[in-house]
Amino acid sequence: MAKIKVGVLRGGPSSEYEVSLKTGETVLKTLRLIRQAHGKQAQDKYEPVDIFIDKTGVWHLYGKQGEPHKIFKSIDVIFNALHGEYGEDGTAQKIFEAHNVPYTGSDSLASSLAMQKHLAREVLRLSAMPVMPYIAVKTSDDIKSKSAEAIRQFGLPLIVKPAGCGSSIGVSVCRTVYDLITGISDALRRDKTALVEPFIKGREATCAVVDNFRQQPHYAFPIVEIIPPTGKEFFDYECKYDGSTQEICPGRFNDETARKLKTLAVIAHNALGCRHYSRSDFIVSGNKIYFLELNTLPGLAGECLCPKALEAAGLEFHQLIDHLLELAMKKAVL
């Protein structure tokens, strides 16, 4: 039986380049562990193919530069291990779709929608999602005027973030109007839209959803509670990946809150048109829950959040990778 050639796409011209390399490396190693029955023996099911995109957006196969359409001839399916801009915002997905290549993760429309936090929240309001309130600031807006509006509406302190970046890149806590103006300016250097939100103290939680798993069309995994280290006001890029954050799974939420978080994660997954898998992030403050954002390509390296939820659910990592590839290839056949 011929092995299935899986192109693991990683790297890319993104602020999350390093995270993507780690996810891709983890997937490449895992693919070599997946075996299937063949007669009386078992053989490797997949042949991993490392597809690297450098920071300038140039694709490489086996260390040599190549055009995507030529590289696609060497593989059967793409495992998209990219994160952030280009890989998670619909750009790469449009390339796959233009060449009719099956791939893991959400399609181009859902990816582009989920990547823009403010657009995703507006869609989710229609599904009665308790989204985090915000004011959007665009590059054409007067920053001082928008800053004054945000302070009048929410007070201080405030959180500022680029609308289309992940891994908490470009996020700042602003305690004065001067901080706010600086924070918005910095966020707008990274994205054409910045979001200004109230800084609501609470417990950070995240919930992963996987399609067609355990006899459920959309299976919500146990909630991960995120506790940043002392001195950190939020789950920033540094403490996301340096091992200093305490991540508890299942999170220490009562049954009612945990059930609601899972329900909201599934609602977000469906309302934004996601497929295969996603991970939604929330703030829980007292008896209130606020939706923050949805990740269509959650990080899968060891220090990331999804592997912890998988372990708590009794699922081995290679089972998830195999399941996602099966979903991608089933879609291609249909």
Side-chain angles (χ1 to χ4, degrees), residues 2-32 34 44-116 164-167 169 191-192 272-278 295-301 321-334:
K3 299 177 186 177
I4 300 168
K5 296 182 178 180
V6 180
V8 179
L9 194 63
R10 60 182 183 141
S14 162
S15 53
E16 297 181 70
Y17 171 85
E18 298 294 341
V19 183
S20 173
L21 291 183
K22 291 181 179 180
T23 289
E25 181 181 2
T26 302
V27 173
L28 285 165
K29 290 180 178 178
T30 301
L31 287 171
R32 298 185 179 97
I34 300 174
D44 293 341
K45 183 176 181 179
Y46 299 111
E47 179 182 333
V49 179
D50 189 3
I51 303 174
F52 169 71
I53 303 178
D54 65 27
K55 292 183 177 181
T56 67
V58 177
W59 292 48
H60 298 76
L61 177 67
Y62 303 122
K64 296 181 179 180
Q65 293 186 17
E67 295 296 325
H69 70 278
K70 294 181 179 179
I71 290 175
F72 292 153
K73 295 178 181 179
S74 302
I75 55 96
D76 298 310
V77 60
I78 288 282
F79 192 102
N80 189 358
L82 300 174
H83 297 302
E85 312 93 297
Y86 187 86
E88 201 168 354
D89 63 5
T91 304
Q93 288 80 1
K94 288 178 182 177
I95 297 174
F96 307 149
E97 290 161 7
H99 294 91
N100 200 30
V101 178
Y103 62 95
T104 58
S106 295
D107 66 15
S108 57
L109 179 58
S111 298
S112 61
L113 178 59
M115 191 70 179
Q116 293 296 316
C165 293
S167 289
I169 292 170
D191 193 270
K192 61 184 179 181
L272 295 177
C274 299
R275 67 175 195 182
H276 301 172
Y277 67 134
S278 69
N295 304 271
T296 54
L297 295 176
L300 298 176
I321 301 303
D322 189 31
H323 181 67
L324 295 176
L325 287 168
E326 291 283 359
L327 289 176
M329 291 183 290
K330 182 179 180 180
K331 177 70 175 178
V333 170
L334 295 177

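This chain uses plain numbering: 1 for the first residue, then up along the sequence. Since the model is a prediction, treat every value here as computed from it, not as a measurement.
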Gln65 side-chain N/O to Trp59 backbone N/O, donor-acceptor pair under 3.5 Å: no
Point-to-point distance, once rounded to the nearest 0.5 Å, from CG of Leu9 to OH of Tyr103: 12.0 Å
Show which side-chain atoms of residues 71-78 pair as donor or acceptor with protein atoms under 3.5 Å away, not counting sequence neighbours.
| from | atom 1 | to | atom 2 | distance (Å) |
| --- | --- | --- | --- | --- |
| Asp76 | OD2 | Lys5 | N | 2.8 |

Minimum heavy-atom distance between Gly299 and Thr23, given as atom pair plus value: CA-OG1, 3.8 Å
Ser111 versus Glu88, side-chain donor and acceptor atoms under 3.5 Å: no
Inter-residue atom distance Tyr277.OH - Leu300.CG, 0.5 Å rounding: 5.0 Å
Least distance between heavy atoms, Ala110 atom then Gly273 atom: CB-O, 3.3 Å
Stepwise salt bridge (charged side-chain N to carboxylate O under 4.0 Å, His left out) check, Glu25 with Lys29: CA-CA 6 Å; Glu25 181 181 2; Lys29 290 180 178 178; 3.3 Å; yes
Spatial distance of atom OG1 (Thr296) from atom CD (Gln93) [nearest 0.5 Å]: 6.5 Å
Heavy-atom pair with the smallest gap, counting every atom of Pro298 and Ser278: CG-C, 3.9 Å
Distance-minimising heavy-atom pair for Glu97 and Ser108: OE1-OG, 2.8 Å
Side chain to side chain, Phe52 and Leu21, heavy atoms closer than 4.5 Å: yes
Shortest non-hydrogen contact from Glu85 toward Met115: N-CE, 3.7 Å
Check against side-chain contact (heavy atoms from CB on, under 4.5 Å), Asp107 and Phe96: CA-CA 9 Å; Asp107 66 15; Phe96 307 149; over 6 Å; no
Non-hydrogen side-chain atoms of Asp54 and Tyr17 separated by less than 4.5 Å: no
Nearest atoms (heavy-atom pairs only) where Leu82 meets Ala92: CD1-CB, 4.2 Å
Criterion side-chain contact (heavy atoms from CB on, under 4.5 Å) against Tyr62, the qualifying member of Asp50, Ile51, Val49: Val49
Residue pair Leu31 / Leu325, side-chain heavy-atom distance below 4.5 Å: yes
Beyond-backbone contact of His83 with Asn295, side-chain heavy atoms, under 4.5 angstrom: no
Rounded distance [0.5 Å steps], CG in Asn80 versus OG in Ser20: 8.0 Å
Gap separating the CE atom of Met329 from the OG1 atom of Thr104, nearest 0.5 angstrom: 10.5 Å
Any side-chain heavy-atom pair of Val27 and Arg10 under 4.5 Å: no
Gap separating the NZ atom of Lys55 from the CD atom of Glu18, nearest 0.5 angstrom: 5.5 Å
